[in-house]
Amino acid sequence: MYRLLTILITLCACVTAQSQVKTFTPGKVPFDMPSVETPRIPSYAVNIRDFGAVSDGGTLNTGAFQKAMAHLASKGGGKIIVPAGIWLTGPIQFENNTELHVEQGALVLFTTDFDAYPQVKTIYEGNTSQKKMAPLWAYGKHDVAITGPGAFDGQGQYWRPSKKGKFTASQWKSLTSGQGVEVKDVWYPDAKDDELRGIGGKPDMRRVTQRPVLLEFTSCQRVMLQDATFSNSPAWNIHPLKCEDVTIDHVTIRNPWYAQNGDGLDLESCNRAVIRNSTFDVGDDAICIKSGKDKEGRDWKMPCQNVIIEGCTVLHGHGGFVIGSEMSGGAKNIFVNNCLFNGTDTGLRLKSTRGRGGVVENIYVSDINMVDIAGDAFTFDLYYANKPLAGKQDATTSSADAIPPVTEETPCFKNLYISNIICQGAQRAVYFNGLPEMPLDNLVMTNSLFVSQNGAELHYAKNIVFDNVKIQNSKGERLVKTDVTNFREK
């Protein structure tokens, strides 16, 4: 009975939207956005040097940061000032009402000692996993902040595997001349002695399976990241998870372009967030909305919602703005405005697949400028990592008639409003690929220009409106549609 009720709820949530065009004023939040509260930090401040820290880049300062945080906790909170210098440390664990302020010229460099990071139970790629503690870590805290023009470096090159296909011959030769192990065209770094590489010269796979994100704040209230640079993460870079009232302002998030799983920001199952005036240059998706994966994510019942993203620049990434593919808890009330994507693999990237479930709705994107997009300027794909076969068959069916029923495992995307997009240069302008049992529903795109090699390709979609959408493609057809109902172009 419970399963039947869940299926009915999912079906009701994905009822076809009204076919009339819904518009919104670009630049203005088109939904009732709650206020985002910022951290409340007492004025009390200490200098990390007061706790024995040394800024020579070789002295380990983990104990000094622990003492400083404990001291602030005993005082009811406050600020730790990190002056100019190179501060080597293990993980920094935040307390309530604490701010870590890195001054100009300060670099917090996280140690490559694998054993300095305790193993913890966490969430990665939407499911529970055992990982090493993030270098910047907070769990169940309130009023936590990182501010200042300084920088953090996760030394991810000692954790991440690297694929040979991403490098030139000379780059690969330089990489593999260092410490590590090459197995089947994958380079596994190892900062420890040979005995930790395993039997027969194989790599210590713990470095791959347990590599942490750089910053993970979980179940926290009132979080702020402001002005600092976060770079070179072992896995994802910034991961606020199940947090409320998140402010990310004027930060720089960097990873090498080849960084495996080198996402920039993964905002997962958070409520009330503002991301503004920040720069991303990363090795995977840049600004990503997530909410858990498959049954575990659905059971959270925590959509990522009430999010404003504005004034951001993405210089490299698999996608500029992304939803999914782990979106099983749903996403709603997302507003993306006034952003620049310069040289990303794709521009706007929405992705999911069968088994995820979840409802993504009320997504508003306006005033996005793109240039030199390697793939699609705007892609929506519900066959992520599970591509359909030719014709009307798909990857999990043997014939066009064998379409699975809609269940709680069926992802649903509806009510997307796109306005004022300019793309100068892409391999393809638009690609929509819904599911036959759950097409993309009610997408309105207005006042947009795409200059690309290939035009627009739409599959399994309904209630689609292109209003003053110009597609200037250099080859092929401007618009190809299969299994698209109620498409209108003005």
[X] (side chain) donor-acceptor with [Y] (main chain) under 3.5 angstrom:
{"X": "Ser269", "Y": "Met302", "value": "yes"}
{"X": "His316", "Y": "Thr344", "value": "no"}
{"X": "Arg160", "Y": "Ala259", "value": "no"}
{"X": "Asn277", "Y": "His250", "value": "no"}
{"X": "Asp483", "Y": "Pro436", "value": "no"}
{"X": "Ser233", "Y": "Leu214", "value": "no"}
{"X": "Asn255", "Y": "Asn232", "value": "yes"}
{"X": "Asp153", "Y": "Leu107", "value": "no"}
{"X": "Ser448", "Y": "Ile421", "value": "yes"}
{"X": "Ser174", "Y": "Trp172", "value": "no"}

Partner residues of [X] under the side chain to side chain donor-acceptor pair (under 3.5 Å) criterion, sequence neighbours left out:
{"X": "His239", "result": "Glu216, Glu268"}
{"X": "Asn454", "result": "none"}
{"X": "Arg298", "result": "none"}
{"X": "Arg356", "result": "Asp294, Ser325"}

Residues [X] and [Y] bridged, charged N to O under 4.0 Å:
{"X": "Asp245", "Y": "Arg272", "answer": "yes"}
{"X": "Asp285", "Y": "Lys290", "answer": "no"}
{"X": "Glu489", "Y": "Arg478", "answer": "yes"}

Hey, what do you get for [atom1] ([X]) to [atom2] ([Y]), rounding to the nearest 0.5 Å?
{"X": "Leu175", "Y": "Lys164", "atom1": "CG", "atom2": "NZ", "answer": "11.5 Å"}
{"X": "Trp236", "Y": "Leu241", "atom1": "CH2", "atom2": "CG", "answer": "9.0 Å"}
{"X": "Asn306", "Y": "Lys332", "atom1": "CG", "atom2": "NZ", "answer": "8.0 Å"}
{"X": "Ser419", "Y": "Asp467", "atom1": "OG", "atom2": "CG", "answer": "9.0 Å"}
{"X": "Thr410", "Y": "Arg354", "atom1": "OG1", "atom2": "CZ", "answer": "8.0 Å"}
{"X": "Asn333", "Y": "Asn415", "atom1": "CG", "atom2": "CG", "answer": "10.5 Å"}

Report, as yes or no, whether the 6.0 Å neighbourhood of atom [atom1] on [X] holds more than 12 heavy atoms from other residues, nucleotides or ligands.
{"X": "Lys295", "atom1": "NZ", "result": "no"}
{"X": "Tyr139", "atom1": "OH", "result": "no"}
{"X": "Arg254", "atom1": "CZ", "result": "no"}

Please, which pairs that meet ring-ring contact (aromatic ring centres under 6.0 Å, His included) have at least one residue in residues 470-490, sequence neighbours excluded?
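Found Phe466-Phe487.
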So which heavy atom on [X] is nearest to which on [Y], and how close?
{"X": "Phe280", "Y": "Gly264", "answer": "CD2-CA, 4.5 Å"}
{"X": "Cys270", "Y": "Pro240", "answer": "SG-O, 3.3 Å"}
{"X": "Val251", "Y": "Asp227", "answer": "CG1-N, 3.8 Å"}
{"X": "Thr346", "Y": "Ile373", "answer": "CA-CG2, 3.7 Å"}

Start with the C-alpha distance between Tyr417 and Tyr364, add both sets of side-chain angles, then the distance that settles ring pair (Phe, Tyr, Trp, His ring centres under 6.0 Å), and finish with yes or no.
CA-CA 5 Å; Tyr417 306 99; Tyr364 302 83; 5.1 Å; yes
Of Asn486, Thr485, Asn463, which meets side-chain hydrogen bond (donor to acceptor under 3.5 Å, both in side chains) against Asp441?
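Of all the options given, the one that passes is Asn463.
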Using the ring of each side chain (for Trp, its six-membered ring), is Phe110 parallel, tilted or perpendicular to Phe152, with breaks at 30° and 60°?
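Phe110 vs Phe152 ring planes: parallel.
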Under the side-chain contact (heavy atoms from CB on, under 4.5 Å) test, residues paired with Thr147 that sit two or more places apart:
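If we apply the side-chain contact (heavy atoms from CB on, under 4.5 Å) test to Thr147, skipping adjacent residues, the hits are Glu99, His101, Ala145, Gln226.
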Please lay out, stage by stage, how Lys166 and Gln260 fare under the test side chain to side chain contact (heavy atoms under 4.5 Å, CB included).
CA-CA 10 Å; Lys166 294 185 176 183; Gln260 194 73 14; 3.3 Å; yes
Could Lys141 and Phe94 be counted as a cation-pi pair, given that NZ or CZ must be under 6.0 Å from the ring centre and within 45° of the axis?
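Because its charged atom misses either the 6.0 Å distance or the 45° angle limit, Lys141 does not stack over Phe94.
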If you draw the axis of the six-membered ring of Tyr124, does the NZ or CZ of Lys131 fall within 45° of it and under 6.0 Å from the ring centre?
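Relative to the ring axis of Tyr124, which defines the angle, Lys131 lies inside both limits.
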Are Phe378 and Phe432 an aromatic pair, judged by ring center distance below 6.0 Å?
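Distance test on ring centres: under 6.0 Å, yes.
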Sole candidate of Val365, Leu416, Val469 that passes side chain to side chain contact (heavy atoms under 4.5 Å, CB included) when paired with Met445
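In the set Val365, Leu416, Val469, the residue that makes a side chain to side chain contact (heavy atoms under 4.5 Å, CB included) with Met445 is Val469.
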Working note: Ile422 + Ile368, criterion side chain to side chain contact (heavy atoms under 4.5 Å, CB included); need CA distance, chi angles, decisive distance, verdict.
CA-CA 6 Å; Ile422 296 178; Ile368 307 297; over 6 Å; no
